[in-house]
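Input: a single structure, listed below in C-alpha cells.
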Amino acid sequence: MSKKVLVIGTSLRNNSNSDALADKFAEGAKAAGNDVTQVTLKGKKLAFCVGCLACQKLGACVIKDDAIELAEQMRCADVIAFASPIYYYEIAGQMKTLLDRANSLYSSDYKFRDIYFMSTAAEDEAGVDERAIHGLEGWIACFEKCRLVGTVFAGGVDGMGEIAGHAALDQAYEMGTNV
C-alpha cells in the first residue's frame with residue numbers, strides 16, 4: 001500500500017552530504033511506489049518557538065512564517081524522514097527549531113507513524129550520532145502513535161560532496177525502499 005512520505009532536508013548548505021542521503025531515501029521510497037515529497041529548510045524563515053502554547057488551542061502557531069506550512073505537511077504525512085548534519089554531536093539547530101515549532105501537531109490528529117533519521121558528520125567514530133538520535137527520540141516520545149523506524153549515519157564526510165561513494169547512500173536508498 002502506497003504511503004505519503006515527507007523527506008525533510010535540514011542542512012542549509014548547498015550540495016550537502018545530508019541532502020544526498022535525503023535524495024537517496026526519497027529515490028528508494030519512490031521506487032517502492034510511495035507518494036514522496038521532499039522539502040528543504042534552505043531559504044525557509046523559521047523563528048524560534050516562544051513557548052506561548054497558543055498552538056495547542058488554535059491548531060497552528062501564531063508566528064507567521066514557513067513553520068506553519070511545514071508542520072501541516074508533517075501532520076498529513078504517513079512517514080517523515082529527517083536528514084541532518086550533526087554539529088557538536090547533536091542535530092542541527094534549524095532541525096531542532098522545526099521540531100519545536102511543530103508543537104501544534106501534539107494536539108492534532110496527525111497521520112505520521114514512522115519516523116526515519118539520516119545524518120552526516122565529519123567525525124567517524126562509533127556513537128557520533130547517538131545524541132542526535134536521542135534528541136529526535138525526545139520529540140518522538142511526545143507523539144505516542146509514532147516510532148523511530150530506522151537510522152543511517154555517514155561519518156567522515158565534511159566538505160560538500162564528500163559523501164560520494166559512501167556506503168550510507170546505499171543504506172539510505174534501501175531504507176527508503178522499505179517504507
Rounded at 0.5 Å granularity, tell me how far [atom1] in [X] sits from [atom2] in [Y].
X    : Y    : atom1 : atom2 : result
R13  : T40  : CZ    : OG1   : 13.0 Å
I163 : D158 : CD1   : CG    : 12.0 Å
S108 : Q56  : OG    : CD    : 9.0 Å
N17  : I86  : CG    : CD1   : 12.0 Å
S119 : Y89  : OG    : OH    : 12.5 Å
S84  : M118 : OG    : CE    : 10.5 Å

Heavy-atom distance under 4.5 Å between the side chains of [X] and [Y], does that happen here?
X    : Y    : result
R113 : V79  : no
R147 : I115 : no
M175 : N178 : no
L105 : M74  : yes
T10  : I91  : no
L169 : L21  : yes
L70  : I8   : no
E137 : H134 : yes

Using distance only, find each side-chain donor-acceptor pair of residues 22-35 under 3.5 Å and give its atom names and separation, not counting sequence neighbours.
residue, atom, partner, partner atom, Å
D23, OD1, Q38, NE2, 2.9
N34, OD1, K3, N, 2.8
N34, ND2, A29, O, 3.1

**OP:** Would you please test L53 and N103 for side chain to side chain contact (heavy atoms under 4.5 Å, CB included) and show each step?
**Re:** CA-CA 8 Å; L53 298 178; N103 193 47; 3.6 Å; yes
**OP:** Please report the C-alpha distance between V179 and D114 in whole Å, then the side-chain angles of each, then the deciding distance to 0.1 Å, and finally whether the side chain to side chain contact (heavy atoms under 4.5 Å, CB included) criterion is met.
**Re:** CA-CA 8 Å; V179 165; D114 295 341; 5.9 Å; no
With the 4.5 Å side-chain cut-off for hydrophobic clustering, are [X] and [Y] part of the same group?
X    : Y    : value
L99  : L148 : yes
V149 : I140 : no
Y173 : V7   : no
L98  : Y106 : yes
V5   : F143 : no

Original post:
Between the main-chain N or O of M160 and the side-chain N or O of N15, is there a donor-acceptor pair closer than 3.5 Å?
Top reply: no
**OP:** Answer yes or no: is there a donor N or O on one side and an acceptor on the other, between the side chain of H166 and the main chain of G155, under 3.5 Å?
**Re:** yes
Considering all heavy atoms, the nearest [X]-[Y] contact:
X    : Y    : value
G59  : S104 : O-CB, 3.7 Å
T97  : A47  : CG2-O, 3.5 Å
D66  : G43  : OD2-O, 4.2 Å
A77  : I80  : CB-CG1, 4.2 Å
F153 : E123 : CZ-O, 3.6 Å
L136 : F117 : CD2-CB, 3.6 Å

**OP:** Taking the six-membered ring of Y110 (Phe, Tyr or Trp), confirm whether the NZ or CZ of R75 is under 6.0 Å from its centre and within 45° of its axis.
**Re:** no
**OP:** Using the ring of F112 (Phe, Tyr or Trp, six-membered ring only), decide whether K145 places NZ or CZ under 6.0 Å from its centre and within 45 degrees of its axis.
**Re:** no
**OP:** Flag yes if more than 12 heavy atoms outside K44 fall under 6.0 Å of its NZ atom; otherwise flag no.
**Re:** yes
**OP:** State whether the number of non-hydrogen atoms from other residues, nucleotides or ligands found under 6.0 Å of Y87 atom OH is greater than 12.
**Re:** yes
**OP:** Would you check, one step at a time, whether the test side chain to side chain contact (heavy atoms under 4.5 Å, CB included) holds for I133 with E130?
**Re:** CA-CA 5 Å; I133 292 169; E130 284 180 13; 5.8 Å; no
**OP:** Just do the side chain to side chain contact (heavy atoms under 4.5 Å, CB included) check on C55 and V62 with the steps written out, would you?
**Re:** CA-CA 7 Å; C55 63; V62 297; over 6 Å; no
Subject >> Partner residues of A67 under the side-chain contact (heavy atoms from CB on, under 4.5 Å) criterion, sequence neighbours left out >> reply: L46, D65, R101
